[in-house]
Structures are given as C-alpha cells and as structure tokens.
Amino acid sequence: MPKKQCIPVPNAPKPGGPFSHVVRYGDLLFLAGQTGRNPADRALAQGMAAQTRRTLENIKLLLEAAGSSLDNVLSATVYITDMSKKTEMNEAYKEFFLSEPPVRATIGVKDLDTGVEVEISVIAGVN
C-alpha cells in the first residue's frame, strides 16, 4: 500500500490554514484548492479571467515542484462565485488545457476568500 507524502513547495506561500499544498499518494498528486493570488506577494488578480489564469499558473508551479505537469491533470474541481462568469472562466481555463482536457466539475458557491472569484483543485498523475 502506498504511503502518503506531503510535498514541500519552496516557492509557494505558506498555506493559509492547517493543510498541505500537495499530497502524493502512490502515483497520484492531490492539490489543495488554489486561487488567483500571486505567490510572491499574495496580491489577488482582478477579474474572473485574470484570477483563473493566475490560479492555473499556481497549480502549474505546484505540479512542477512535485515532478508533474498540467498535461497529467486527471480531474479538476472549479468553484466560482458567479455562474454568469462561467464563460469568462472557461475561456481562460482552456488556454492551459489545449488538448485532452481533464474531467471537471464546476460548482457555483456563495463565497470564497475575500475578493476571490474562482478556486480550483486538481488531481494529477506523476510520470
């Protein structure tokens, strides 16, 4: 049976609560929900498209630190605070998954962290 391993990510900000950014279990990576905050200064990107892009850049950074990539994302869960902006989110999202996109659930939620419009968590494989 595989053993759970929390993956340290030196370039990522410390988690804002009692959780790990990335956990590896066997050949799978489980990423905590990421938002559109810049890891260097925690500044939040403005607007749905910009937050989606920054969120996926953050996910890319975490995956690469754990030895994987966006190409290995199997599943994504997207939480958005305004379903009327789903098309805007989709346009930015598809820039990161040009072919064979992962399975995905998109869930409308009442609130996320202050000012956050989108949060995405993923499960990915490791080569």
Side-chain angles (χ1 to χ4, degrees):
M1 178 178 247
K3 183 179 176 186
K4 177 180 109 172
Q5 177 187 10
C6 295
I7 307 292
V9 183
N11 296 336
K14 293 184 99 165
F19 63 88
S20 298
H21 281 299
V22 184
V23 172
R24 181 175 180 161
Y25 188 78
D27 290 335
L28 294 176
L29 297 172
F30 298 84
L31 273 65
Q34 298 298 307
T35 65
R37 294 196 183 281
N38 184 311
D41 61 8
R42 305 280 299 149
L44 182 62
Q46 296 303 303
M48 179 62 76
Q51 283 193 27
T52 301
R53 286 184 191 97
R54 179 74 255 174
T55 298
L56 288 164
E57 288 292 341
N58 292 343
I59 288 170
K60 180 180 175 187
L61 178 133
L62 294 173
L63 289 170
E64 289 173 354
S68 191
S69 71
L70 288 171
D71 291 338
N72 294 324
V73 173
L74 305 169
S75 176
T77 304
V78 179
Y79 303 92
I80 61 176
T81 57
D82 184 347
M83 289 299 276
S84 73
K85 295 183 180 181
K86 184 177 176 183
T87 300
E88 193 177 339
M89 181 276 297
N90 273 330
E91 290 302 312
Y93 180 93
K94 71 182 181 182
E95 294 171 16
F96 291 81
F97 299 104
L98 300 176
S99 64
E100 298 186 6
V103 299
R104 188 180 93 188
T106 303
I107 303 163
V109 296
K110 181 177 181 266
D111 290 314
L112 292 168
D113 196 15
T114 304
V116 173
E117 296 183 53
V118 61
E119 182 171 330
I120 303 173
S121 62
V122 303
I123 299 170
V126 180
N127 295 346

Residue pairs meeting ring pair (Phe, Tyr, Trp, His ring centres under 6.0 Å), one or both in residues 101-127, sequence neighbours left out, come to none
Which residues pass the salt bridge (Lys or Arg N to Asp or Glu O under 4.0 Å) test with D113, not counting sequence neighbours? R37
Set of residues satisfying side chain to side chain donor-acceptor pair (under 3.5 Å) with respect to Q46, sequence neighbours excluded: none
Which hydrophobic side chains are connected to I59, either touching it within the sub-4.5 Å cutoff or through other members that do? I7, V9, V22, L29, L31, M48, L56, L61, L62, L63, L70, V73, V78, I80, M83, M89, Y93, F96, F97, V118, I120, V122, V126
List for me each residue that meets ring-ring contact (aromatic ring centres under 6.0 Å, His included) alongside Y79, sequence neighbours excluded, and say none if there are none. none
Qualifying ring pair (Phe, Tyr, Trp, His ring centres under 6.0 Å) pairs with a residue from residues 11-55, counting only residues at least two apart or across chains: none
Excluding sequence neighbours, so at least two apart, what forms salt bridge (Lys or Arg N to Asp or Glu O under 4.0 Å) with D82? none
Quick one: list whatever passes salt bridge (Lys or Arg N to Asp or Glu O under 4.0 Å) with R54, sequence neighbours left out. none
The side chain to side chain donor-acceptor pair (under 3.5 Å) partners of S68 (sequence neighbours excluded) come to N72
Test salt bridge (Lys or Arg N to Asp or Glu O under 4.0 Å) applied to E95 - qualifying residues, sequence neighbours left out: R53
Tell me the closest heavy-atom pair linking S20 and V23, and the distance in Å. CB-CG2, 4.0 Å
Can you list the steps and then say if K85 with E117 is a side chain to side chain contact (heavy atoms under 4.5 Å, CB included)? CA-CA 9 Å; K85 295 183 180 181; E117 296 183 53; 3.0 Å; yes
Sequence neighbours excluded, which residues qualify as side chain to side chain donor-acceptor pair (under 3.5 Å) partners of K60? none
Please, which pairs that meet side chain to side chain donor-acceptor pair (under 3.5 Å) have at least one residue in residues 96-109, sequence neighbours excluded? N90-R104, R104-T106
Any side-chain heavy-atom pair of L74 and P102 under 4.5 Å: no
The residue among T55, T81, L44, D111 that forms side-chain contact (heavy atoms from CB on, under 4.5 Å) with V116 is L44
